[in-house]
Amino acid sequence: MEEIYVEWSGPYTYEDVVNYNENRIETKKFAVKPTDFGLYQIYGAHPIYGDNVLIYIGKTEQKFLERLNGRSVIEYNQDADNVQIYLGKIYYDDALLHNDALEDISKAESLLIHYHAPAKNSSNINSLKFADENYRVINLGTFRSLSKEISTTAFTKEHKIYTLIESIAEELKVEKSKIYNEEDGYGFFISDDIWFGLEYELWNNNTTLILASTKKINQKFEPYKIIDNEEWFYLSLYGEQNIIIQEIKKYQNKATSNAK
């Protein structure tokens, strides 16, 4: 497994970074300098999550002081005067600037965002750009709220299941906008009262894809949970994509026939 080490330094104020001057004595506190490039974390106020929380993770191929100058996520924060910034640089044992440094920065950013889901990030939240690659990000120094170590291994299975659901949706001509993507599951309705997809609570119990309904369609459907005073039942689905689609169509056709 590839390992990407990120050396973090901070906290710094916005002025510390954008007004950085190498000739000033106080700038010696910068283990990672604003003239470097790499990854950065921004901590500030959020109306739901509170004060001084992680709100953004980003990357830059420019100098930090250039990229962060005028960033709206900082300037328009409701407590902009107290925003804190942490700077991260890819660390290599031989201290040389590797040709793959920019790719390592992108891979580290993608995994850090996907894992921590900062409130102001939008890309890499619901999907992992480099999910098919096997790598680990190890944070060093003052990495604040970040996890010490994260790997793609934890997300590989999740990514494959999402991709499978989306592929089945496409096969069944279900628009991507119709896919339900919330904190309890990921999937879509195949009829008015039958839902197909991944239910996270059942997934944690080793059940992956399911058909779920408020009706006990047959004896194979097991009681699951009550939502808005309605009892739900589920059927676990296994096998390759074509087998799952055949099973879905069987119940889809049955629901259509019953509706006539």
Side-chain angles (χ1 to χ4, degrees), residues 47-49 110-134 147 150-260:
I48 296 175
Y49 303 120
S110 178
L111 188 54
L112 289 171
I113 292 173
H114 190 62
Y115 184 84
H116 296 95
K120 293 295 183 178
N121 283 99
S122 54
S123 299
N124 294 304
I125 295 292
N126 294 322
S127 61
L128 182 58
K129 185 176 180 181
F130 300 93
D132 292 333
E133 298 191 32
N134 193 19
S147 177
I150 316 164
S151 75
T152 52
T153 305
F155 301 105
T156 301
K157 181 181 177 183
E158 176 183 339
H159 174 73
K160 287 180 178 177
I161 293 172
Y162 287 155
T163 302
L164 175 60
I165 292 171
E166 290 167 6
S167 180
I168 291 173
E170 186 177 357
E171 182 77 18
L172 297 174
K173 295 180 170 51
V174 175
E175 295 178 15
K176 198 163 185 178
S177 61
K178 300 293 186 183
I179 296 179
Y180 173 91
N181 182 13
E182 297 293 341
E183 61 183 17
D184 58 342
Y186 189 81
F188 54 89
F189 278 91
I190 65 168
S191 68
D192 289 341
D193 57 4
I194 302 177
W195 185 86
F196 161 75
L198 169 67
E199 210 288 343
Y200 296 132
E201 188 173 328
L202 287 174
W203 186 30
N204 291 334
N205 292 324
N206 297 320
T207 295
T208 306
L209 297 177
I210 64 168
L211 287 175
S213 176
T214 53
K215 300 175 182 176
K216 188 173 177 62
I217 297 173
N218 58 37
Q219 294 302 314
K220 294 180 180 180
F221 278 73
E222 301 178 42
Y224 169 39
K225 62 182 178 181
I226 296 176
I227 304 175
D228 297 330
N229 295 320
E230 279 192 302
E231 186 172 14
W232 281 75
F233 302 86
Y234 79 94
L235 170 68
S236 300
L237 299 178
Y238 302 98
E240 299 297 324
Q241 177 172 323
N242 62 323
I243 296 173
I244 293 174
I245 289 176
Q246 288 175 15
E247 194 74 3
I248 290 173
K249 285 183 175 179
K250 182 174 74 175
Y251 287 99
Q252 199 174 36
N253 293 336
K254 186 178 294 185
T256 302
S257 299
N258 292 338
K260 291 180 180 179

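If you read the sequence from its start, that first residue is 1, and numbering goes on from there.
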Report the distance from atom [atom1] of [X] to atom [atom2] of [Y], rounding to the nearest 0.5 Å.
X: Gln219; Y: Phe233; atom1: CD; atom2: CZ; answer: 10.0 Å
X: Leu211; Y: Lys220; atom1: CG; atom2: NZ; answer: 11.0 Å
X: Glu199; Y: Ile210; atom1: CD; atom2: CD1; answer: 5.5 Å
X: Lys225; Y: Leu202; atom1: NZ; atom2: CG; answer: 7.5 Å
X: Ile248; Y: Ile194; atom1: CD1; atom2: CD1; answer: 10.5 Å
X: Phe188; Y: Glu166; atom1: CZ; atom2: CD; answer: 10.0 Å

Looking at [X], I want to see if its [atom1] is surrounded by more than 12 non-hydrogen atoms of other residues, nucleotides or ligands under 6.0 Å.
X: Tyr49; atom1: OH; answer: no
X: Lys249; atom1: NZ; answer: no
X: Lys215; atom1: NZ; answer: no
X: Glu170; atom1: CD; answer: no
X: Asn218; atom1: CG; answer: yes

Qualifying residues under ring pair (Phe, Tyr, Trp, His ring centres under 6.0 Å), relative to Phe221, sequence neighbours excluded: Tyr251
Measure the shortest side-chain to side-chain distance between [X] and [Y] over non-hydrogen atoms and say whether it is less than 4.5 angstrom.
X: Gln241; Y: Ile168; answer: yes
X: Leu209; Y: Leu164; answer: yes
X: Phe196; Y: Leu237; answer: yes
X: Ile113; Y: Pro118; answer: yes

Report the residues that fulfil side-chain contact (heavy atoms from CB on, under 4.5 Å) with Ser147, sequence neighbours left out, ordered by chain and then residue number. Tyr115, His116, Ile150
Would you name the heavy atoms of Phe130 and Ser110 that are closest together and state the gap between them? CD1-CB, 3.9 Å
Which atom pair, heavy atoms only, marks the closest approach of Ile125 to His114? O-ND1, 3.0 Å
Any luck finding a side-chain donor-acceptor pair between Asp193 and Ser213 under 3.5 Å? no
In terms of ring plane angle, is the pair Tyr162 and Tyr186 parallel, tilted or perpendicular, where the classes change at 30° and 60°? tilted
Okay, side chain of Thr214, backbone of Glu230: is any donor-acceptor separation there less than 3.5 Å? no
